[in-house]
Structure formats: structure tokens, C-alpha cells
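Quick notes on the structure that follows.
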Amino acid sequence: MDLSSLRNLVKRLDPRVVSVMKKTIERFDPRIIAAVEKRVTSIPFVKEKLEGEYNSMLADLENSIKPYRNEFEAFSCLPNAGRARNDIIEEMANLKSREESRWKDGFTSGAVYHGDDDHINFLNKVYAINSQSNPLHSDIWPSTTKYEAEVVSMTAAMLGGAEIAKNSDPENQICGVVSSGGTESILLAMKTYRDRARDLKGITKPEMIVPSTVHAAFDKASQYFNIKMIRVPVGPDFRADVAETKKAITKNTIVIVGSAPDFPHGIVDPVEELSELARGRGVAFHTDACLGGFILPFAKKLGYDVPPFDFQLPGVTSMSADTHKYGYAAKGTSVVLYRGLELRRYQYYTATDWPGGLYFSPTFAGSRSGALSAMCWAAMLSMGEKGYLEASEKILDTASAIKAAIRTTPELYILGDPLFCIAFTSDSLDIYKVMDVMTKRNWNLNGLLAPPAVHICVTLRHTQPGVVDKFVNDLKEAIEHVKRNPDEKGGLAPIYGLAATIPIKGVLSDVLVRYIDLLYKI
Ligand SMILES: *Cc1c(COP(=O)(O)O)cnc(C)c1O
């Protein structure tokens with residue numbers, strides 16, 4: 001991907017304009033910056049220049065986003081007669097084989113968390129058995145609702161719910177629903193708190209307080225549901241700042257959030273202190289354990305130092321945990337959990353006056369795939385506690401080896417003290433250039449912003465023999481390459497470099513929007 005034209009774009013803008021923008025950015029509220037930027041970028045001359053740059057940039061990108069154009073027929077409308085099923089299967093198998101080795105051989109950060117052939121084949125069989133089921137029709141497929149209820153119960157029990165089940169009445173149990181992924185779990189929880197606060201406290205201008213490292217899904221929830229998001233900076237250890245969080249609470253605060261751990265740096269927030277703070281102020285608290293939900297409980301059992309983060313803490317009122325990450329289900333499921341049935345009811349949707357009949361659904365979707373839930377149930381049952389413990393042990397050992405190697409590389413250092421999702425950076429080198437060289441060597445790592453860094457989220461794919469050695473070796477060679485060629489152009493380094501110094505956020509957002517447009521181009 002060559003996005004160096006974005007750098008050209010900034011260079012070509014009048015330096016005085018850029019300097020004014022930079023100064024403004026340093027001093028003002030983000031909303032004021034956005035307004036100023038909007039005015040500058042709506043000047044016809046600037047706008048024209050930007051459009052020209054966008055077009056040339058996207059032309060560069062198109063080939064890498066659409067690699068199959070020249071070789072495979074594209075269908076912009078229905079073929080006249082249906083294609084032979086065998087042809088379709090053959091073509092898909094061909095495409096799959098081109099893409100498979102990258103994730104299967106352990107070159108990607110996160111993405112596929114299990115990926116062993118026997119596990120995949122088992123889940124594929126489960127999909128085939130359940131491919132027609134739809135939990136919206138719970139009367140036709142009661143098997144699906146059985147799977148979903150048990151997925152929720154098993155997840156809740158693992159995250160502190162088992163103790164509560166013994167000691168409290170049915171109304172106060174940990175309960176939840178199966179959603180389509182971490183983002184949906186988070187959106188659902190935030191919507192639930194918005195509706196509950198409006199109903200019980202009359203809050204019409206709701207606010208949520210999140211650490212700056214929280215997942216983008218919370219910002220999405222803020223935009224979708226009109227909840228003001230207050231972002232509190234994290235400390236030097238990348239953990240949420242409790243004192244700053246306390247200062248941010250107002251009469252409109254509906255929920256405080258912590259991550260266990262956060263996606264960028266893999267650090268567990270001080271959930272105990274944060275949730276107690278929330279409880280003391282009568283505010284809800286959500287632990288985002290999308291990433292850690294299916295690994296931290298086992299890490300703890302293996303003797304790792306895991307701070308409390310789940311429903312054992314009385315202030316934690318909801319959690320998100322992704323079955324489709326370290327739960328090893330196929331993509332498309334996650335669990336959102338609540339303390340008490342009353343809270344969960346604010347999430348539901350019901351219609352009693354629709355001409356289509358009495359209608360209800362627990363999540364955002366109407367019809368959805370029961371097969372994904374069946375696969376999730378099957379993955380959890382087939383792993384069992386022992387399977388999760390063994391998988392977690394392998395992953396944590398592998399992560400330790402990677403951390404040790406980074407710690408002995410003088411040019412690099414690790415951000416904070418993570419367990420299995422490791423962010424690292426450099427003071428002497430452009431870390432994005434290191435990432436670009438790694439990309440050329442087939443690695444797919446995540447570039448982080450503020451501060452500039454790169455991360456690798458360790459999965460079972462990395463526990464295969466030879467993967468860590470290859471990673472460490474390639475990383476060392478990438479560092480040497482960047483040292484020898486500090487002025488090399490191209491790659492993602494320029495765009496990440498720009499984003500990290502936030503010269504013009506709206507421009508970056510325009511680029512991303514056009515990137516999405518491109519994904520849907522034939
Ligand atoms: C992955 C992740 C999410 C969002 O999950 P999706 O399944 O991608 O929607 C939220 N929070 C954290 C910490 C995550 O790692």
C-alpha cells in the first residue's frame with residue numbers, strides 16, 4: 001500500500017495553513033479544531049487539491065485492495081443462467097488457498113485465534129448441521145435457544161457468576177445474551193445504560209467515561225446513541241487513571257468503562273478501583289473483556305498475576321466477552337453479560353402494535369444465524385475448562401518468549417506490562433517503517449497511534465514450532481533494514497506518521513471513508 005501521497009498533500013498545502021492548523025490543534029478543544037479544519041478544507045482551492053490527492057492516492061491503493069480483478073470474472077449483476085455449483089466451489093477453494101497460509105502459518109496479529117485443522121473441520125460440521133436455523137424463530141429451532149442460553153450461562157459462570165448463582169436470588173443473577181461480536185456487545189450495553197438512565201433517573205444528556213485506550217466500539221456507541229463520551233488519559237503504565245476518572249463524573253454520567261485488557265496495549269485497567277468509584281456514585285460499570293474474557297480467568301488459574309476484573313467485584317454491572325476470539329468459536333459471536341435481569345430487560349426490543357404481529361428481539365438483528373451460536377456452543381463444550389487452560393498456557397508461554405526477545409532488542413521497548421497482546425515501539429527508529437518491512441516479509445501486525453507503536457496479539461497460531469523464532473529474526477532484520485535505509489519511501493509509515501501527529505484529522509477521515517467506498521467497488 002503506498003500512501004506517501006498523503007504526505008505530499010500536506011507538503012503541497014500552503015505551509016501557513018498547515019502551521020495554523022497545527023497550532024490550533026495543540027491548543028484547542030477537538031470540536032473547535034474540527035470546525036476550523038472544516039472551514040479550511042471547504043475553501044474551494046483546498047478542496048480541489050484534496051480531491052485530486054484523494055483520487056491519486058486511491059488509484060495507488062486499488063490494485064492492492066482488489067488483487068483478483070484481472071484473473072477472475074467479476075459479477076456486477078446476476079448471471080443469466082446460474083453458474084455450476086462445482087465451478088463456484090472450485091473458484092472459492094482457489095481464492096481460499098491463496099489467502100490461507102498467511103494466517104494459518106502465524107503471520108497475523110489476532111485475526112484467527114485457534115485455526116487448527118481438526119478444530120475448523122469440527123466447527124464446519126456443526127455449521128452444516130445447523131445452517132438453516134434462526135433464533136428469531138425460537139419456536140421452530142428451540143435447539144438454538146438452548147445453545148445460546150448455555151453459552152451465556154457458561155460464560156457468566158466463568159466470569160464470577162458461579163459464586164453469585166450460589167448466593168443470590170434469581171433476579172440478581174449474572175445473565176446476558178449472545179451477540180454478533182464484541183462491537184455489538186458493547187453497543188448493546190451502552191444502549192441499555194442510556195435507556196435505563198432515562199427511565200429511572202430522567203437523564204436526557206447521558207455521558208460515559210472511558211479510558212483513552214478503550215476500544216473504538218465505545219466511540220461508535222457514543223455516536224450511534226447520542227451519549228457524550230468523556231475520554232480520560234491513561235497513566236504512564238497505560239492503565240486508566242482513577243483520580244482523573246473521578247473528576248470526570250457529573251450528574252449525567254451513566255457508565256464508567258474499563259478494559260481487561262485494552263486492545264492497543266493489552267493492559268488490564270484498575271477495574272477494582274474504577275468499579276468501586278462507580279458503585280460509590282451510583283453509576284454503572286462495564287468491563288470490556290472482549291479480548292481477555294476467555295484467557296484471563298485461565299491465566300489466573302495458571303498463576304499469572306491477573307488483577308480482579310469480573311463480577312466478583314460488586315461494582316461491575318456488565319461485561320463483554322468475545323467467544324469469537326479466545327473462546328475459539330468462528331467469527332460472529334460474543335456475549336454481553338449483566339448483573340441482574342432488570343438491567344438486561346432494558347436491552348430488549350418489543351413491538352405490540354406492528355401489523356406484522358407481536359415481535360421481539362433481544363439484540364440489534366432480527367433474523368440471524370443460529371449456526372454461529374451452535375458453533376460457539378460446540379467450541380466451548382469441546383474445549384472444556386482443560387482445553388482453555390492448555391491453550392492459555394501455550395499462548396502465555398509464547399507471549400513471554402516474544403516479550404523476552406523484544407526486551408533484549410536495544411532499539412525496542414514494550415509499552416506497559418502486558419500479558420498476551422504486546423505493543424512495542426522505538427525511540428531511535430520510525431516504528432511504522434519497521435512495521436512496513438515486516439509487512440513485506442508477510443507479517444500482518446497492527447499499527448497503533450498515540451503513542452506510535454506496533455502490536456502483536458498472540459494466538460494459538462503463534463504457538464506452532466518456529467513461529468516465534470521467525471518473528472524475532474524478521475524483527476531484528478527489519479530493524480537493521482530501517483537503520484540502513486532511514487529515508488525509504490512507501491508503505492503505511494507515512495499515513496501512520498501523519499495520523500500519530502494529528503495534523504488534519506478530517507482529511508484522514510476522508511481518506512478512510514473513500515477507502516471503504518473502494519471496498520465495495522467491483
Ligand atoms: C476485539 C475487541 C472489541 C471489539 O470486538 P469485535 O468483535 O471486533 O467487534 C472490543 N474491545 C476489545 C478490547 C477488543 O479486543
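Predicted model only: the values in this text are computed from it and were never measured. Whatever order the structure lists ligands and atoms in, that order sets their numbers, starting from 1.
- Within the 3.5 Å criterion, the main-chain N or O of His215 finds no donor-acceptor partner in the side chain of Lys220.
- Side chain to side chain, Thr250 and Glu207 meet the donor-acceptor criterion of an N or O pair below 3.5 Å.
- The protein residues lying under 4.0 angstrom from ligand 1, judged by non-hydrogen atoms, are Gly181, Gly182, Thr183, Ile186, His215, Pro261, Phe263, Asp288, Cys290, Leu291, Asp322, His324, Lys325.
- Residue-environment remark: NZ (Lys394) stays at or below the threshold of 12 foreign heavy atoms within 6.0 Å.
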Result block: side-chain N/O donor-acceptor pairs under 3.5 angstrom for residues 254-273, not counting sequence neighbours:
{"unit_1": "Asp262", "atom_1": "OD1", "unit_2": "Gly266", "atom_2": "N", "d": "3.0"}
{"unit_1": "Asp262", "atom_1": "OD1", "unit_2": "Ile267", "atom_2": "N", "d": "2.7"}
{"unit_1": "Asp262", "atom_1": "OD2", "unit_2": "His265", "atom_2": "N", "d": "3.2"}
{"unit_1": "Asp262", "atom_1": "OD2", "unit_2": "His265", "atom_2": "ND1", "d": "2.9"}
{"unit_1": "Asp269", "atom_1": "OD1", "unit_2": "Ala240", "atom_2": "N", "d": "2.8"}
{"unit_1": "Asp269", "atom_1": "OD2", "unit_2": "Ser259", "atom_2": "N", "d": "2.8"}

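- Here Phe471 pairs with Trp443 under the ring-ring contact (aromatic ring centres under 6.0 Å, His included) rule; sequence neighbours left out.
- With sequence neighbours left out, the ring-ring contact (aromatic ring centres under 6.0 Å, His included) criterion links Trp141 to no other residue.
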